[in-house]
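In what follows, chains carry the letters A, B, and so on, assigned in the order in which the sequence lines appear, proteins first and then strands, with residues in each chain numbered from 1. Just the heavy atoms: all of them, side chains too, but no hydrogens, waters or symmetry mates, feed the values below.
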Amino acid sequence: MSNYNVVGKRIPKLDAAQKAMGRAEYIQDIKLPGMLYGKILYSKYAHAKIIKIDISKAKALPGVHAVLTGNDVPEKMKMGFYKDNPPIKKGKVCSFRDEVAAVAAKTPEIAKKALGLIEIEYEELEGIFDPEKAMEKESPLVHEHSKSNVLNLPWKLHYGDVEKAQEEAAFVVEDRFTTTWVTHCCMGTSGAVALFDASDNLTIYTNTQIPSLAQKDFLESLKAMGLKNKRVRVIKPIIGGGFGSKLDTYAYEHIAILLAHKCRKPVKLIFDRMEEFTATSTRQPAIIDIKQGCDKDGKLLFRDIKMILDNGAHTSWGATTPSVMMMPITSLYRVDNVRYDAKCVYTNNTYSQAMRGYGNPQATFAIESSIDMLAEKAGIDPIEFRRINRNHPGDITPQGFKITTCGMDLCLDTVEKELRKTASNEKSVGIGIASLIHVGGGARIYKSDGCGAILKIDDYGKVDVFTGGTDMGQGLDNITAQIVAEELGLLVEDINVVHSDTDVCPWDVGAHASRSTFVAGNAALGAAKKVKAKLLEFGSEILDTPAESLVLRDRLIFVPNDPEKSMPIDKLLRKAHFSPGGTMLMADHFYDPANENLGKDFKGNMSMTYTFGVHGVRVKVDEETGKVQVLEYVAAHDVGQAINPLLLEGQVYGGVVMGLGYALSEEVVHQNGKNMNANFRDYKLFTAKDAVKITAYVFETPDEEGPFGAKGIGEPGCVPTAPAIANAIYDAVGVRITNLPITPEKVLAAIKEKKKRPLN
Amino acid sequence: MKPFKYLSPTTVEEAISFYGQHSETAKYVAGGTDVIVKVKEGWIEPDFLISLKKITELSDLHKNEATGELSIGAAVTHATLEKSLMIRNEYPIIYDAVSNIGSLQIRNVGTIGGNLINAVPSADGAIPMIALDGVVLLHGPDGERSCAVKDLFVSPYKTILKPGEILKKITIPPQRPHTGSAYIKFGRRAAMELPLIGIGVLLTVEDDLETCTKARICLGVAAPTPMRAFEAEKLLVGKKINEDILRQAGETAADESKVRDSVRGKAWHRKEMIRVQVRRMGLACMEIIWNNN
Ligand SMILES: Cc1cc2nc3c(=O)[nH]c(=O)nc-3n(C[C@H](O)[C@H](O)[C@H](O)COP(=O)(O)OP(=O)(O)OC[C@H]3O[C@@H](n4cnc5c(N)ncnc54)[C@H](O)[C@@H]3O)c2cc1C
């Protein structure tokens, strides 16, 4: 349908071969002259006073350059938006993951040995690991300086009148759903290399999804260290996976900075796999009480949700996931009366972070499971029930989201058709579906949702794009190259995308909220448009023809059907450059979408556009073992325009497999705050052999604001997977599993419970 | 990781003499998929690794057609067993077990000998070897000796091997006609999975294709070492095999097991899996017997 030359093409990831051949340089590969190796010592207790630390033996070990404890951390150096987390703890530890000391040494082995020589006397305190218990008055306080374990955060809204709607409802369902910790499992473990120049300016190589905000964090750290008016340069090596894990700055980065400054040498701090499991942040766990009601025709009348979030001992973005949970809560399906109240509670567990979907998968698990329950109670087919309540283009949701394009109807029809292809009367086989809404046009969670791009083009028609956007493996470099190539009539291989360095790249708020294609794409497109205008101007002069008649395509500038008026673009560029008063083409553009910050009552059009999708699944449940086998998976999304269908499908496949792990197998097992499965043997990440065939339907609903009509699709793939599975299990064997992951053990226990046979 | 010296003897005698020179500071290594993990983690710190890979006799896999005896060299890899049609057709329980170990990469280097000597309760390779009445041949500074695979294990990570002893091969006695065998590893994932419970069953029946003359019910992760459920086996011998009796055998085996709660899984579920899977594996054995007749 479209007349695009590069956009919409299945162009393989530009860096795929390089990565497959092991040539890509990750943080692990960075080695600087004189570089030292840092290592962190973690707490031995979930909750304890530090009575005494003796570092003398560690310091005396040959090869050790520095040993830091909480006493060496400036008072004002605190991490996270709640500023409750110094990079090394002093006086007290509140979780096993708390940093108590750090060393820098000549080799990693010496650093490790030095950690073993640090002597710490602790006095263990009573720990609190259950957020509901932590809310009780008698419970020990995780942080004595706060009066309660409940954080002071504003997650509360009420639109319409839930009480009244409940009275009017013909059918009401109510249940509790719980989700647990899961982790990103990036193949590349975390790490940073920090170094200072002679005048105390910092360069830090680090895996980050937020170069500009990380730069700001590090500047604050320098300030806290007494280093005022210094510069920070953040360099990103190739990143082996993000998924939200790199949306905040971590202790290891600030510790690397402190060590580098103390030693006046570059310091590298790399996590091993166990640290990656124990000392990076998880997906936010949630206890969700949900009540929904509809009228006798199945029209959804109200949704009432209360949540308790285990905040862990410190605060990162996990505590802000309710801001995104509000999106499905207020706006997935038409529902006028909505109430939501979430409490984040300190415990002595690990703390959480952003993770693909940012709260949406947790909320959608509860909402979409509950929708099925409500449909059943109302005696309406669950797919039909969703059709009755689906979102429509032009809707303004109670939270004030303006729905522009919405392909939910198409997605519902398609998934239903696919699932109904196979007659489903086989025993223990069932189908389930679940829908999703997600931001598709950026999300204003910071003062700016912007991204900058600078573009220059050389004498040979080769372009460099310096973008604020971060490619962490998802393929933003490809997308950027395709957008620019399309606009300038060039080929993807003519475009070099530079995204790695805050010294050369403009500002960007970060690779989050499925925003990069939309926002960074628009930034690059804006710059390309400016260059294009100049190209056309030159072309018009040199080819002696009106600019409007010129077309840029396949490295040529030409008037269609006029062979006389055609010239290779590079030749045109040279003519422009090498004539008297010559010029070269370059342009910059900063794009900040016109989306709104949420107001006091959390109302506002957070995103320029929203992405919708429906997932359907057919499962077979082994009623004797509780094992769930996924027979078929259909994922339909409305995506605006696929800039690159290959990468887009990749996002869907990856999202779904991640979602399946969330649904069926993954969990970080904590016992009294201690991570019990910090390895890939016991952390049940789906393997290639577990992956199932996924049919991905991509509906193009070109969006007015998106670059070439594109919407974001990074996160949606993993949002509705768990409820689709839970609904299918219910359809298959009549048991409703309300807590994730849905392990064979839980399914079997539920089946037995249903049959009222005792467990033994 | 602490550095080590890598020695590559070409005969068993040479390997043993290397061990004699370095004693406790040395460790035998075959595929290294257990040893190297431990070295990297710092759980063991050998100065010498004595590789058994160049000792050709250890990689020998053959069946003596005259006697019907199967001989599996200790250094035969899981992949070799998995790809052997003879194994697949005549010893399906071995195939079932080794074809689901770890991943392709692990099976390409990991060996059956290493699997046995590493001696974890979850060793997939141990169950078929026990069920098939395998006998290990050990060779040490004091010469050779042999013992049944079922008596090889002492406790987790501990076998009866004396310092310096090498496992040379596992011998499987000839199988009687009308024998079927099957193994299932029950876990959450399809690959890279430590079994929640491993269940192997072998049944031999009379010419009537019903009456059981021999039964082996072997369980992994059901006790500190791989175990046989003797009572359950006894229950089957002399009886006509059907779903009912297999169900009873499953119950008995579950009672015999010493399963525990752990972070990986609850005891009640493991027990339940023994019940279900003993029956299912028993039925799978019968199907093999009928198909082969
Ligand atoms: C990722 C991964 C997945 C795995 N998955 C599974 C699985 O699914 N199921 C399973 O059962 N195991 C699994 N394992 C464990 C391991 O791969 C197997 O136990 C394998 O068979 C070990 O064989 P190896 O040759 O690598 O042993 P090695 O590591 O070489 O040796 C293991 C032990 O045996 C000793 N040894 C080896 N050969 C001899 C010999 N001939 N004589 C005397 N001593 C000897 C060594 O000294 C050492 O103590 C996995 C391991 C990894 C790393």
Side-chain angles (χ1 to χ4, degrees), chain A residues 107-109 112-113 115-116 185 272-274 622-630 657 660-661 663-672 674-692 741-753 755 757-760, chain B residues 1-3 33-34 37-38 40-43 45 99-107 120 122 184-197 199 221 243 246-247 250-251 254-255 257 259 261-281 283:
Chain A
T107 66
E109 290 76 21
K112 196 172 169 191
K113 198 162 171 198
L115 290 188
C185 296
D272 59 29
R273 182 55 66 184
M274 180 157 157
D622 185 329
E623 294 197 45
E624 287 189 318
T625 64
K627 212 164 169 170
V628 175
Q629 191 192 353
V630 177
V657 173
L660 287 171
L664 292 168
S665 64
E666 289 180 45
E667 74 191 291
V668 179
V669 181
H670 281 109
Q671 264 179 13
N672 291 337
K674 197 171 177 71
N675 183 322
M676 303 302 286
N677 59 341
N679 57 63
F680 278 124
R681 181 189 58 212
D682 292 323
Y683 183 85
K684 306 291 182 185
L685 188 71
F686 256 42
T687 68
K689 217 172 161 183
D690 294 285
V692 297
I742 306 174
T743 59
E745 204 173 283
K746 287 181 197 167
V747 176
L748 188 63
I751 289 173
K752 280 181 171 292
E753 173 68 24
K755 292 183 182 158
R757 262 209 269 142
L759 314 176
N760 49 308
Chain B
M1 183 170 82
K2 189 174 157 259
T33 59
D34 281 317
V37 173
K38 290 178 194 167
K40 279 193 164 172
E41 295 288 341
W43 297 331
E45 299 193 318
S99 60
N100 282 308
I101 285 179
S103 61
L104 200 67
Q105 295 88 330
I106 293 292
R107 297 198 292 278
V120 290
S122 59
I184 185 167
K185 154 162 143 170
F186 187 82
R188 236 184 259 183
R189 276 195 301 218
M192 302 297 275
E193 187 64 324
L194 193 82
L196 193 66
I197 197 94
I199 292 117
V221 209
E243 191 156 357
L246 286 171
R247 182 170 286 123
E251 292 283 345
D255 290 344
S257 74
V259 291
D261 281 342
S262 81
V263 287
R264 297 186 178 123
K266 291 272 186 312
W268 76 262
H269 191 234
R270 293 184 206 262
K271 268 199 174 175
E272 191 63 29
M273 291 310 94
I274 296 174
R275 284 190 193 108
V276 171
Q277 300 294 359
V278 163
R279 189 190 83 236
R280 288 188 185 176
M281 291 306 104
L283 290 174

Item checked: Check: G265(B) main-chain N/O paired with E745(A) side-chain donor or acceptor under 3.5 Å -> no
Next item on the list: Give, as side chain, backbone, both or neither, the part of L664(A) having an atom under 4.5 angstrom from any heavy atom of chain B.
Entry: backbone
Item checked: Heavy-atom contact with chain B under 4.5 Å, split by part of K627(A) -> side chain
Checklist line | salt bridge (charged side-chain N to carboxylate O under 4.0 Å, His left out) evaluation trace for E109(A) with K2(B) | finding: CA-CA 9 Å; E109(A) 290 76 21; K2(B) 189 174 157 259; over 6 Å; no
Next item on the list: Select one option (side chain, backbone, both, neither) describing which atoms of R280(B) are under 4.5 Å from chain A's heavy atoms.
Entry: side chain
Margin query: Can a donor-acceptor pair be found, under 3.5 Å and without considering hydrogens, that links the side chain of H269(B) to the backbone of L748(A)?
Written below: no
Check: Counting heavy atoms not belonging to K113(A), are there more than 12 under 6.0 Å from its NZ?
Finding: no
Check: Is R681(A) salt-bridged to E193(B), going by a charged N under 4.0 Å from an acidic O?
Finding: no
Note to self: Any non-hydrogen side-chain atom of E623(A) less than 4.5 Å from a side-chain atom of V276(B)?
What the structure shows: no
Check: Does any heavy atom of chain B fall under 4.5 Å from the side chain of N679(A), the backbone, both, or neither of them?
Finding: neither
Notebook entry, point to check: Can you tell me how far the CZ atom of R189(B) sits from the CZ atom of F680(A), to the nearest 0.5 Å?
Noted result: 8.5 Å
Margin query: If I compare all heavy atoms of R264(B) with all of D682(A), which pair ends up nearest, and what's the gap?
Written below: NE-OD1, 2.6 Å
Margin query: I'd like to know which of D690(A), T687(A), V669(A) tops the heavy-atom pair count under 4.5 Å against chain B.
Written below: D690(A)
Item checked: Flag if over 12 foreign heavy atoms under 6.0 Å of CE, M274(A) -> no
Margin query: Would you say NZ of K112(A) has more than 12 non-hydrogen atoms from neighbouring residues, nucleotides or ligands within 6.0 angstrom?
Written below: no
Margin query: Please report the interatomic distance CG(L685(A)) to CE(M192(B)), rounded to the nearest 0.5 Å.
Written below: 10.5 Å
Notebook entry, point to check: Measuring heavy-atom distances to chain B, does P741(A) have an atom under 4.5 Å in its side chain, in its backbone, in both, or in neither?
Noted result: side chain
Check: Does R188(B) pair with E667(A) as a salt bridge, N-O distance under 4.0 Å?
Finding: yes
Notebook entry, point to check: Is it true that D272(A) and K40(B) have a side-chain N and a carboxylate O under 4.0 angstrom from each other?
Noted result: no
Notebook entry, point to check: Could you give the distance from CD1 (I197(B)) to OG1 (T625(A)), rounded to the nearest 0.5 Å?
Noted result: 13.0 Å
Next item on the list: Search all heavy atoms of S99(B) against all heavy atoms of K689(A) and return the closest pair with its distance.
Entry: O-NZ, 4.3 Å
Check: Is E624(A) salt-bridged to R279(B), cutoff N-O under 4.0 Å?
Finding: yes
